[in-house]
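First the structure, which I've put down as structure tokens, then a few questions once you've had a look.
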Amino acid sequence: MGTTSIIWFRKGLRLHDNPALLAAAQGADHLCPLFILDPWFLQPDKIGVNRVQFLLESLADLDASFRARGSRLLVLRGKPQEVLPRVFKEWGVTRLCFESDTEPYANQRDATVRQLAETAGVEVHSPVSHTLYDPQLLLARNGGKPPLTMQAFTKLVDAVGPPPAPAADPPEKLPPLAPQAASLAAAACSVPSLSDIGYPPAGSTPFKGGETEALARMADYLSDKDWVCAFEKPKGNPALFLRPATTVLSPYLKFGCLSPRMFHAKLQQIYSERSGKHTQPPVSLRGQLLWREFFTLCGAAIPNFDRMEGNPICRQIPWVDDADFIQAWEESRTGYPWIDAIMAQLRQQGWMHHLARHSVACFLTRGDLWCSWEAGQAVFDKYLIDADWSLNAANWQWLSASAFFSQYFRVYSPISFGKQYDKNGDYIRHFLPVLKNMPAKYIYEPWTAPLSVQQAAGCIIGKDYPRPIVDHATVHKENMAKMKAAYDAGKAAAAGHTAAAATAAAAAGADGASGSASGSTAAGGKGGGKPAKRARKS
DNA sequence: TAATTGTTGGCAGC
DNA sequence: GCTGCCAACAATTA
């Protein structure tokens with residue numbers, strides 16, 4: 001009996017370093033490359049046009065690559081749990097291969113598909129290639145629990161050793177489609193247009209999807225080896241938008257147009273040429289891949305990772321979701337140009353610099369508006385072309401000081417933070433054209449401009465551009481006090497879970513801690529009587 | 001128990 | 001452009 005394989009694409013939209021594709025092609029008489037447009041991922045009110053456009057471009061590129069190898073991509077529509085059993089039968093499928101995925105939706109879907117495959121007598125291969133390491137392996141090596149700090153994660157990865165090398169390239173000539181699939185191929189199973197699937201005809205992102213773009217972009221950024229070796233994440237300029245300060249490889253990694261193992265191997269190659277003279281994780285370029293790895297592991301191992309309630313690592317904070325605030329934030333109407341420009345870049349391009357994301361995330365949650373990080377997460381998930389379930393949830397928890405990060409007293413200023421990088425406000429002028437003629441002196445705080453200046457700039461505050469919806473100077477202090485209260489309540493609740501004796505001990509411990517805190521300030525002198533100062537910025 | 005460190009704060013004062 | 005303070009968290013190390 002002959003072998004008929006399906007390589008089922010979901011993420012991993014590439015031919016390079018694709019072990020599932022190799023497993024599918026291995027000794028197969030027929031190979032059917034398949035993508036299923038799941039209605040779950042095509043909801044215009046929840047998933048914006050830019051990311052869907054990026055997906056369709058990636059599929060078109062994948063199709064072209066298969067055609068160059070004597071095959072083609074088949075794009076079907078519907079729920080995979082319904083489409084797959086149908087084609088198993090129609091195409092005479094004996095083997096199903098797909099890249100492993102740890103997101104909750106994918107977990108459920110794939111568990112069902114495995115059962116359906118078993119029922120149909122179809123063997124299943126599901127290798128790991130979306131991440132550097134197999135999350136289950138990392139978890140096992142860490143005693144079944146995910147590390148919760150980057151340091152702990154880095155230590156774990158160091159102990160495990162280098163990730164697997166990228167898989168070999170697929171053969172120049174791939175097995176043909178199954179005859180039944182080939183006849184179907186004449187009909188409607190091409191990559192659809194945006195309008196075919198209920199979206200506006202075009203998005204507005206300048207970033208184009210696909211493996212070809214991904215490899216070209218990687219080559220472009222890696223060609224400057226000095227830049228690669230000197231890369232230090234927090235030092236980038238979030239206001240650069242013509243050539244961003246980071247690689248913008250995130251959307252390609254999200255969809256798997258680029259293999260993280262390939263990117264990692266290229267980085268290690270460049271580092272080795274420089275004999276150790278390069279930046280290190282967590283700030284280096286390689287470190288950025290490790291962050292992705294760390295948060296993906298957390299997402300895979302922590303229940304309810306995209307929610308506050310029922311999420312064991314997330315602090316319970318009494319956010320108040322004010323619908324008007326959330327909408328103003330989403331639609332660039334907060335009255336703070338730095339914040340509104342970033343949100344405009346998000347809606348227009350589907351991408352912003354990491355520090356820009358920090359600014360707006362802090363502003364929505366603990367900094368200014370006191371809305372839940374889950375509300376912000378949904379907006380990011382709608383517009384970002386690189387929206388990744390685990391990374392989005394992790395970063396929102398980080399920025400809202402709900403998990404991973406606890407220094408809630410460090411608040412980004414919606415006025416001064418951007419000014420450090422872009423004194424003239426070119427970034428604001430570009431993304432908020434209504435402010436393009438506002439003098440630099442007022443562009444971060446246009447409500448302070450005299451009326452005559454507003455008139456000359458053609459932008460009246462309160463009419464052409466909104467007044468600030470909150471007073472940052474006031475609310476950020478109030479919010480800090482609320483954070484303090486929420487943290488204290490959390491500690492009290494944790495203490496309440498312990499036995500009576502332990503509670504008493506915890507109370508004594510709390511007293512001791514507060515005493516030691518003031519003591520350390522008083523006794524902080526070291527040698528010259530000055531408190532020990534640690535370098536925050538190099 | 002104290003000190004140190006943690007990818008990425010703001011601000012006054014010099 | 002640098003230093004030190006603000007009022008202060010939590011995990012790890014010594």
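So you know, we letter chains A, B, ... as the sequences are listed, proteins then strands, and number each from 1.
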#### Entry: Length of the line joining A:Phe404:CZ and C:dA10:P, which is rounded to integer Å
15 Å

### Query
For the pair made of CZ in A:Arg410 and P in B:dT7, what is the distance, rounded to whole Å?
11 Å

### Query
Within 45° of the ring axis of A:Tyr221 and under 6.0 Å from its six-membered ring centre, is that where the NZ or CZ of A:Arg243 lies?
yes

#### Entry: Length of the CG-P vector between A:Asn479 and B:dG9, whole Å
18 Å

### Task
Tell me what A:Val283 touches on the nucleic acid: a base, only sugar-phosphate, or nothing, going by heavy atoms under 4.0 Å.
base

### Task
Please check the phosphate of B:dT5 (OP1 and OP2 only) for any side-chain N or O of A:Gln407 closer than 4.0 Å.
no

### Query
Can you check whether A:Phe409 stacks with the C:dC9 base, using ring centres under 5.5 Å and planes within 30°?
no

#### Entry: Nearest-Å distance for atom pair CG/P, residues A:Asp488 and C:dA7
16 Å

### Task
Kindly indicate whether the side chain of A:Ile385, heavy atoms from C-beta on, has any atom under 4.5 Å from the side chain of A:Phe255.
no

### Query
Which of parallel (below 30°), tilted (30 to 60°) and perpendicular (above 60°) describes A:Phe295 and A:Trp291?
tilted

### Task
Could you measure between the two P atoms, the one in B:dT4 and the one in C:dG4, and give it in whole Å?
15 Å

### Task
Compare all side-chain heavy atoms of A:Gln349 with those of A:Phe431 and state whether any distance is below 4.5 angstrom.
yes

### Message
A side-chain contact here means heavy atoms from C-beta on lying under 4.5 Å apart; do A:Arg217 and A:Glu213 qualify?
### Response
no

### Query
Given side chains that start at C-beta, do those of A:Phe54 and A:Tyr252 come closer than 4.5 Å, heavy atoms only?
yes

### Query
Looking at the side chain of A:Thr149, which of B:dT8, C:dA11, B:dT7 is the nearest nucleotide?
C:dA11

### Summary
Separation of C:dA7 atom C1' from A:Glu478 atom CD, nearest Å, is 18 Å

### Rounded distance (Å) that lies between atom P of C:dA7 and atom CE of A:Met483
18 Å

### Message
Please pick, from B:dT8, B:dC11, C:dC9, the nucleotide with the shortest atom-to-atom distance to any side-chain atom of A:Ser416.
### Response
B:dC11

### Task
Report yes if at least one side-chain N or O of A:Lys491 is closer than 4.0 Å to OP1 or OP2 of C:dA10; otherwise report no.
yes

### Query
To the nearest Å, how far apart are A:Phe294 CZ and C:dA11 C1'?
12 Å

### Message
If you only use heavy atoms from C-beta on, which nucleotide in C:dC9, C:dT13, B:dT7 is closest to the side chain of A:Lys155?
### Response
C:dT13

#### Entry: Identity of whatever pairs with B:dT8 - Watson-Crick or G-U, under 3.5 angstrom
none

### Query
At under 4.0 Å between heavy atoms, what does A:Gln288 touch on the DNA or RNA strands: base, sugar-phosphate, or nothing?
base

### Message
Base, sugar-phosphate or nothing for A:Met480? Non-hydrogen atoms, less than 4.0 Å.
### Response
nothing

### Query
Between A:Lys484 and C:dC9, is there a side-chain N or O to OP1/OP2 distance below 4.0 Å?
yes

### Query
Partner of B:dT1 by Watson-Crick or G-U wobble geometry, both contacts under 3.5 Å, or none?
C:dA14

### Query
Quantified in whole Å, what is the C1' atom distance between nucleotide B:dG10 and nucleotide C:dA10?
22 Å

### Task
Write down the distance separating the P atoms in C:dA8 and B:dT5, rounded off to the nearest Å.
23 Å

### Touch class at under 4.0 angstrom, heavy-atom based, for A:Arg315 against every strand present
sugar-phosphate

### Query
Rounded to the Å, how far apart are A:Tyr408 OH and B:dG9 C1'?
15 Å

